[in-house]
Visitor: 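One structure, as structure tokens, below. Some questions next.
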Amino acid sequence: MSVPLSPVLLESRVIAVLRAADASFLRPAAEMLAEEGVRSFEVTLTTAGGVDAIADLAGSLGPDAEVGAGTVLTVEDLEAVLAAGARYVVTPHTDPGLIRAAVRRGVPIVPGGLTPTELRTGWAAGASAVKLFPASAVGPRYVKDLHGPFPGMPVIPSGGVDRASAGEWIRVGCPAVSLGGPLLGDALAGGDLGELRLRAREVVKGVAEAAAEVSGG
Ligand SMILES: O=C[C@H](O)COP(=O)(O)O
């Protein structure tokens with residue numbers, strides 16, 4: 001049993017990973033991304049103040065957006081982010097116990113893995129989709145290889161997915177892509193939001209074009 005990914009993510013197909021030293025600049029960056037059509041946001045727990053930032057963004061971005069939590073490592077982390085209002089959770093690793101805990105709470109979970117064994121283990125434990133991490137270590141062709149033995153397993157690449165390759169991951173069958181640094185640049189450290197707008201525009205456009213091709217549109 002698994003909890004399905006939300007329509008917000010399945011339609012927008014982009015997760016913006018908000019990983020920063022602290023949460024000072026998360027809200028302006030997320031608001032800029034939302035203006036450009038990004039609707040799914042993953043606040044990582046490596047960000048100081050990350051749990052509070054989930055609550056802040058969940059309250060400020062409005063009902064069209066979805067705020068989740070990343071780098072969730074334990075059931076205690078899971079409880080904390082759900083209490084803050086996270087609507088989905090992402091892990092860097094495959095922990096069947098943690099996956100089952102999320103499923104029991106009715107929350108979508110996307111566990112990370114790299115090898116066929118790790119990814120299949122997460123999927124079998126009830127993942128909503130699996131996170132291929134670090135995706136740049138293998139490239140889009142690897143998803144085609146995985147879909148030989150595991151044709152129905154939704155794979156979301158994360159780690160080194162950039163503006164140039166985002167559409168390619170969609171074309172090989174990924175339901176969504178996950179971008180942190182290559183999308184955010186230095187915006188989470190107070191960098192130029194105008195640059196962020198241009199990067200977001202390019203990613204959203206590239207992913208939408210690829211999605212239209214995949215669906216025959
Ligand atoms: O867990 C996800 C990664 O932190 C995102 O990696 P990235 O910054 O290379 O996109």
Side-chain angles (χ1 to χ4, degrees), residues 5 9 12-23 25-26 29-30 32-33 36 38-51 53-54 57 66-74 77-78 81 86-95 98-99 102 107-115 118-119 122 127-140 142-143 154-170 172 174-192 195-196 198-204 206-207 210:
L5 294 172
L9 180 56
S12 62
R13 290 177 169 253
V14 175
I15 298 174
V17 179
L18 307 180
R19 187 189 298 282
D22 62 56
F25 298 98
L26 258 57
M32 172 64 79
L33 291 171
E36 293 301 326
V38 175
R39 295 170 66 197
S40 187
F41 299 88
E42 175 191 328
V43 179
T44 72
L45 294 188
T46 50
T47 302
V51 173
I54 290 168
L57 290 183
E66 181 172 66
V67 181
T71 325
V72 172
L73 299 179
T74 64
D77 289 344
L78 175 67
V81 301
R87 304 241 307 264
Y88 65 92
V89 296
V90 180
T91 77
H93 66 313
T94 305
D95 176 343
L98 182 55
I99 295 165
V107 61
I109 181 164
V110 183
L114 184 62
T115 67
E118 291 161 355
L119 295 166
S128 310
V130 291
K131 177 175 100 163
L132 177 62
F133 177 78
S136 59
V138 287
Y142 189 69
V143 176
V155 178
I156 298 178
S158 185
V161 176
D162 58 19
R163 288 170 278 160
S165 67
E168 195 49 39
W169 290 100
I170 298 293
V172 295
C174 296
V177 290
S178 160
L179 291 88
L183 172 61
L184 273 300
D186 61 358
L188 299 182
D192 185 356
E195 293 290 324
L196 175 61
L198 297 177
R199 287 193 297 271
R201 209 167 272 181
E202 189 181 340
V203 168
V204 167
V207 166

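These numbers come from the heavy atoms of this one structure, side chains and all, not from hydrogens, waters or symmetry mates. Numbering of ligands and ligand atoms starts at 1, following listing order.
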Visitor: Taking Gly50's backbone N and O only, do any of them form a donor-acceptor pair with Thr47's side chain (distance below 3.5 Å, no angle check)?
Guide: no
Visitor: Over all heavy atoms of both residues, which pair between Ala102 and Val89 is shortest? Give the atoms and the distance, please.
Guide: CB-CG2, 4.4 Å
Visitor: Taking the side chain as everything from C-beta on, heavy atoms only, tell me whether Pro157 gets closer than 4.5 Å to Val177.
Guide: yes
Visitor: How close do Ala29 and Leu196 get, counting heavy atoms only, and between which atoms?
Guide: O-CD2, 3.7 Å
Visitor: In this structure, which one of Leu5, Val72, Ile99 forms a side-chain contact (heavy atoms from CB on, under 4.5 Å) with Val110?
Guide: Leu5
Visitor: Where does ligand 1 get N/O contacts under 3.5 Å from the protein, atom by atom?
Guide:
unit_1	atom_1	unit_2	atom_2	d
ligand 1	1 (O)	Arg19	NH2	3.2
ligand 1	1 (O)	Lys131	NZ	3.0
ligand 1	4 (O)	Arg19	NE	3.2
ligand 1	4 (O)	Arg19	NH2	3.0
ligand 1	8 (O)	Gly181	N	2.8
ligand 1	9 (O)	Gly160	N	2.8
ligand 1	10 (O)	Gly180	N	2.7

Visitor: With side-chain contact (heavy atoms from CB on, under 4.5 Å) as the test, pick out the partner of Leu78 among Leu98, Ile109, Leu73.
Guide: Leu98
